[in-house]
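Taking it in order: structure first as structure tokens, then the write-up.
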Protein chains: 2
Amino acid sequence: MATIKDVAKLAKVAPSTVSRVIANNPRISDRTKERVREAMKSLGYHPNFIARSLANQSTQAIGIVLPSSADKAFQNPFFPEVIRGISKAAHQKQYALYMSTGETEEEIYDGVVHMVEGKRVDGIVLLYSSVNDKLTLFLRKKEFPFVIVGKPFKDVNEITHVDNDNYRASKEVTEHLIEIGHEQIAFIGGDLNLVVTIDRLLGYEKAVRNAGLPYKDEYIVHEEFLKEGGQEAVKELFGLSEPPTALVVADDLMAVGVLKMLFKMGIRVPEDVSVVSFNNIMMAELSQPPLTTVDINIFQLGCESARSIIQTIEYPMEPARRIIIPHKVVKRQSCKARDTAELKEA
Amino acid sequence: MATIKDVAKLAKVAPSTVSRVIANNPRISDRTKERVREAMKSLGYHPNFIARSLANQSTQAIGIVLPSSADKAFQNPFFPEVIRGISKAAHQKQYALYMSTGETEEEIYDGVVHMVEGKRVDGIVLLYSSVNDKLTLFLRKKEFPFVIVGKPFKDVNEITHVDNDNYRASKEVTEHLIEIGHEQIAFIGGDLNLVVTIDRLLGYEKAVRNAGLPYKDEYIVHEEFLKEGGQEAVKELFGLSEPPTALVVADDLMAVGVLKMLFKMGIRVPEDVSVVSFNNIMMAELSQPPLTTVDINIFQLGCESARSIIQTIEYPMEPARRIIIPHKVVKRQSCKARDTAELKEA
DNA sequence: TTGTAGGCGTTATCAA
DNA sequence: TTGATAACGCCTACAA
């Protein structure tokens, strides 16, 4: 394998000159550049990235961290889609992606420590934000460049992050349900340790209280962000003496589970109960009925997070930024107006 | 940031000794090991992976290559799922994943060349196999360790790969359709440059010919492996004077598109037309009606490919292997027996 | 404009 | 059992 020295020899220059040619240093004469480049071609020379990284202290790679249940997480199309966005933006800036994975929280923590201490990446994108996250603490202490996709649990102004306004989005969809006549609205959320769950719950609560509707604890259920999660939740809710007529589900995949369970129980959507959810993954359009959901622009979330981390890698002194990606409620067939007359009858 | 030298100084040994302690070299006395380890702890030392890579000529990372339309490919749950498998197996062996991406075929080719020449990875997993693939050629010429998920277009015995028996699987599902009385069976395939498409087409053809049914060119349609792809195909087929009564669709995502289009056109599944497809992604279960499909064990495909590449990295001289992951037809509600009497009537 | 030399943090070889 | 020393391949003062 040809090295810089071989090229130097062939072009009859010093290795440093070759190095400068690679960096396209303007102080090298065009004639020399020409000669060196020819030598590189004829030897099939390619710079060794590892060696370069070592000398430069930079790897041109960014690390991606999935939530601790990464195993399962990947089943939620949210993650592939953010990664697709990250991938796109990273590529534009010539950065590569590096993923370390693990099953338990410990494993993934160790993986990140290795990425960071081992200097395998220049920066990190966290694809989740959870309450009292050890990783966030670690990265901050190390002063290692990172951005969060989502809202940091604390120190919101000191951590660069890319997020939706989940509070607002959740408030909006809940208001939508209220506007069309629903009064018994339940919330099915994911892991309460995830900030996104909290935000969506708060938005829901705000809308409910604003409308002067009672905020009942029995109407709040939490399950994992997975299809199976939704199913448990449904059983609980519809065992209630006064079951809800509308559901705010914090994630499309869960909503799909909810739909399935509802179907099994003979509860019709949207005739008997309306459902709204979040993310607008492909399945939301595909489900039966198609889901009214909040499009949170997952892809863009990914793009912006990559741009952000690259920015903070290249200009480390800049202050932390917050980027809010716009959302949009996509209305489909999972909601139906609740006729108050009909309600009285029941 | 502490280096091996700092540790050496603190422990009052030579750097080389520290290095040996890291490698847990048995020829270092326990006393010294102890001292060195304490020094490492107290300095918060972590080995620098880049430096180690340079000295070792190994990175403990494996590169993942998505098909050239990687951008879109990621939308097909197949890829996240293989990656999940790869990820799992790679983690077990302490390998990290490295992804370079690109939109065009050129970009991705260059990306791989960089990975390889720049020595950023120890081996590569190709997540597709296409006819006359430039990358395969390149990797073989470089004698760089790689495995293909899928069947190599040529030199099948010289390239380690992990695949399903797609020919057989396709033959099986087609035979299933024939057994339940279908005679007009069409095939909707993906890109004909993909070996997997070819295999599935051949299996279909074999079954059709074995049964003595006519093999009509009009019944063979090719589209991209995407939801939209399926839709075009349907229009073509059902514009025929003798439209098919059953469809073999080469990919679940396409099948979903097919279903959607069929629905729009008022053609009922499975009453008017039966549909089978491949992969058994989550959506297949979710679609309306749920799809009869071939479960190809995507996750396992990923695991095995990772194990394989690690194997060939660590034991480079071993001969090429082929690993066939078993498949299984999962029968759901998209197929219906075709009553021959009814057929006569029509 | 170009060359020399030292360093980036490890590992590996050879002595001791 | 341990220590010097020379790689690994590239970058960058500093000199020329």
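Each chain gets a letter, A, B and so on, in the order the sequences are listed, and its residues count up from 1. Computed from heavy atoms alone, side chains included, the values below leave out hydrogens, waters and symmetry copies.
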Problem - Rounded distance (Å) that lies between atom P of dT1(D) and atom CD of E34(B) - result: 16 Å
Handout entry: Residues R31(A), E34(A): salt bridge by 4.0 Å N-O rule
Key = no
Problem - Residue pair N25(B) / K33(B), side-chain donor-acceptor N/O under 3.5 Å - result: no
Check: [Y] main-chain N/O paired with [X] side-chain donor or acceptor under 3.5 Å:
X: H161(B); Y: P152(B); result: no
X: D122(B); Y: I62(B); result: no
X: R27(A); Y: R20(A); result: no

Practice task
Sugar-phosphate means primed atoms, P, OP1 and OP2; the rest is base. With that split, encode nucleotides 2-12 of chain D 5' to 3' as B, S or - using protein heavy atoms under 4.0 Å.
Solution key: BBB---BBBBB
